[in-house]
Amino acid sequence: QVQLVESGGGLVQAGGSLRLSCAASGRTFSAYTMGWFRQAPGKEREFVAVFTYSGTTDYTDSVKGRFTISRNNAKNTVYLQMNSLNPEDTAVYYCAGRRYSVTGLHIPGTYDYWGQGTQVTVSS
């Protein structure tokens with residue numbers, strides 16, 4: 001079983017940066033695909049970034065070139081570095097994990113484990 005705990009959210013001004021962290025429990029972290037999703041007020045949960053167990057990454061178009069997902073398997077931690085933040089990035093950000101699967105990477109319902117979420121607010 002895997003438990004995920006996010007941290008690093010906060011309030012920043014447009015153009016600023018934040019780094020989110022997601023610490024995972026469990027002994028098979030390296031075998032999990034890890035993703036970041038976000039949910040803004042009045043919107044559905046949205047895919048942001050993914051780092052698969054095989055080492056590939058992908059991002060939603062709106063964050064490409066600004067956000068970077070990384071992971072440190074030795075520390076059982078996945079990160080989301082967010083640069084050049086704008087107010088449209090304001091949302092609750094969730095870390096999610098699933099074991100081995102390479103299908104449906106952008107779909108929240110395919111993930112088995114979720115963190116509690118961390119609020120990111122970007123002011124103009």
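We use all heavy atoms of the structure for the numbers below, so side chains are in, but hydrogens, waters and symmetry mates are not. The first residue of the sequence shown is numbered 1, and numbering continues consecutively from there. Just so we're clear, the structure is a prediction, and the values are computed from it rather than from any experiment.
In terms of heavy-atom proximity, Thr57 sits nearest to Phe51 at CG2-CD1, 3.6 Å. The two residues Ala49 and Tyr59 make their nearest non-hydrogen contact at CB-CD2, 3.5 Å. Smallest separation of non-hydrogen atoms from Arg66 and Ser84: NH1-O, 3.0 Å. Among all heavy-atom pairs drawn from Tyr79 and Asn72, the shortest one is CE1-CB, 4.2 Å. Contact record, Gly117 with Glu6: N-OE1, 2.8 Å, taken as the closest heavy-atom pair. Shortest non-hydrogen contact noted between Leu18 and Gly8 is CD2-O, 3.7 Å.
Side-chain heavy atoms closer than 4.5 Å link hydrophobic residues (I, L, V, M, F, W, Y) into clusters, and following such links, even through other members, never connects Leu105 to Leu4. With hydrophobic clusters built from ILVMFWY side chains whose heavy atoms lie under 4.5 angstrom apart, Val12 shares a cluster with Val63. In terms of hydrophobic clustering, with Ile, Leu, Val, Met, Phe, Trp and Tyr side chains grouped at heavy-atom distances under 4.5 Å, Tyr94 and Ile69 are assigned to different clusters.
Rounded to the nearest 0.5 angstrom, Arg99 CZ and Thr33 OG1 are separated by 11.5 Å. Taking CZ of Arg71 as the start and OG of Ser21 as the end, the distance is 14.0 Å to the nearest 0.5 Å. Between the OH atom in Tyr32 and the OH atom in Tyr53 there is a gap of 13.0 Å [rounded to 0.5 Å]. Put simply, CG on Leu85 and OG on Ser17 are 6.0 Å apart, with the number rounded to the nearest 0.5 Å. Taking CG of Leu80 as the reference point, atom OG1 of Thr118 lies at 11.0 Å (rounded to 0.5 Å). Atom-to-atom distance recorded for Met82:CE and Asp89:CG is 7.5 Å, nearest 0.5 angstrom.
Applying the 6.0 Å contact sphere to NZ of Lys75 captures no more than 12 heavy atoms from other residues, nucleotides or ligands. Atom CD of Gln116 has more than 12 heavy atoms from other residues, nucleotides or ligands within 6.0 Å.
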Task: Stepwise side-chain contact (heavy atoms from CB on, under 4.5 Å) test for Phe67 and Leu20 - done: CA-CA 11 Å; Phe67 291 10; Leu20 306 183; over 6 Å; no

TODO: Please assess Cys22 against Met34 for the test side-chain contact (heavy atoms from CB on, under 4.5 Å), listing each intermediate value before the final yes or no.
DONE: CA-CA 9 Å; Cys22 174; Met34 302 298 298; 4.3 Å; yes

Open item on the list: side-chain contact (heavy atoms from CB on, under 4.5 Å) for Trp36 and Val78? Distances and angles first, verdict last.
Closed with: CA-CA 9 Å; Trp36 287 97; Val78 63; 4.0 Å; yes

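Using a 30° and 60° split on the angle between ring planes, Trp114 and Phe37 fall in the tilted class, from 30° to 60°.
For Tyr93, there are no ring pair (Phe, Tyr, Trp, His ring centres under 6.0 Å) partners at least two apart in sequence or on another chain.
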